[in-house]
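In what follows, a structure is listed as structure tokens, so that the remarks can point back to it.
Just so we're clear, the structure is a prediction, and the values are computed from it rather than from any experiment. Numbers restart at 1 for each chain; the letters A, B, ... are given by sequence-line order, proteins then strands. Note: hydrogens, waters and symmetry copies are ignored here, and every other heavy atom, side chains too, is used.
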Amino acid sequence: MGKAIKRRGLESKRQILYTLLMLIPIGRVATYDSLARAIGTSPRAVGRLLAINENPVIIPCHRVVKSDGSLGGYTPGGSMVKRRILELEGVKFKGRKVDPECIIDITDILGINREEI
DNA sequence: ATTTGCTCAGCTC
DNA sequence: GAGCTGAGCAAAT
């Protein structure tokens with residue numbers, strides 16, 4: 001399985017993105033950049049995909065934050081709600097930003113999936 | 001910590 | 001086919 005991504009249409013990327021989102025552990029958050037690199041696109045594209053997505057219930061888009069730890073955007077409800085959800089998940093906040101320790105790289109998840117657990 | 005500029009991808013005209 | 005907008009990023013101040 002090395003290359004998980006192939007040059008498919010948007011469909012493929014979206015699918016993968018959703019999967020990765022669901023792979024993010026509770027109490028942790030991933031960055032747009034990480035996801036973008038994972039699926040082979042740019043951070044903005046990820047944001048766009050998340051924005052257009054219409055099932056926030058099964059898609060934990062709230063677990064995606066900016067590289068700086070800032071919340072970024074959140075269409076259903078706003079950043080306020082996003083922060084609230086994250087806190088509920090157990091994510092610690094450092095003032096206005098997410099605690100760096102709670103931010104994980106998606107590649108790390110894949111790594112531990114292969115070695116540990 | 002805050003501000004500015006740039007970049008990349010998707011969407012619209 | 002060309003232009004605009006944006007759920008961001010990086011660098012500079």
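Residue A/Ile52 contributes atom CD1, which lies 12 Å from atom C1' of C/dA7 at whole-angstrom precision. Whole-Å rounding puts the A/Lys66 NZ to B/dT2 C1' distance at 13 Å. In this structure, A/Asp68 places its CG atom 11 Å from P of C/dG8, rounding to the nearest Å. Separating the CG atom of A/Leu17 from the P atom of B/dG10 is a distance of 12 Å, rounded to the nearest angstrom. A/Ile39 has its CD1 atom 11 Å from the P atom of B/dA9, to the nearest Å. Rounded to whole Å, atom P of C/dC9 lies 12 Å from atom CG of A/Asp105. Atom CG in A/Asp33 sits about 14 Å away from atom C1' in C/dA7, given to the nearest Å. Distance A/Leu50 CG to B/dA9 P: 16 Å, rounded to the nearest Å.
In this structure, A/Arg96 fails the cation-pi test against A/Phe93, since its NZ or CZ atom is not both closer than 6.0 Å to the six-membered ring centre and inside 45 degrees of the ring normal.
Taking the charged nitrogens against the carboxylate oxygens, A/Glu87 and A/Arg84 have no contact shorter than 4.0 Å, which rules out a salt bridge. Using a cutoff of 4.0 Å between basic side-chain nitrogens and carboxylate oxygens, A/Glu101 and A/Lys92 are not scored as salt-bridged. Comment: A/Asp105 engages A/Arg37 in a salt bridge, judged by a side-chain N to carboxylate O separation of less than 4.0 angstrom.
Heavy atoms of A/Thr41 sit under 4.0 angstrom from primed sugar atoms or phosphate atoms, though from no base atom.
Comparing atom distances between the A/Ser67 side chain and each of C/dG6, B/dA9, C/dC9 picks out C/dC9 as nearest. If you check C/dA7, B/dG10, B/dC8 against the side chain of A/Ser42, the one that comes closest is B/dC8.
For the side-chain contact (heavy atoms from CB on, under 4.5 Å) with A/Val29, the lone residue among A/Leu71, A/Asp99, A/Val91, A/Val64 that qualifies is A/Val91.
Summarising the base pairing, B/dT12 is matched to C/dA2 through a Watson-Crick or G-U wobble pair whose two defining distances lie under 3.5 Å. For C/dA7, there is no paired base (Watson-Crick or G-U wobble, both distances below 3.5 Å).
Sequence order on DNA chain B of the closest nucleotides to A/Lys97 and A/Arg44 puts A/Lys97 first from the 5' end.
For B/dG10, the base has no donor-acceptor partner in the side chain of A/Arg48 [N/O atoms by modelled type, under 3.5 angstrom]. Donor-acceptor pairing under 3.5 Å, judged by distance alone, is present between the side chain of A/Tyr32 and the base of C/dA7.
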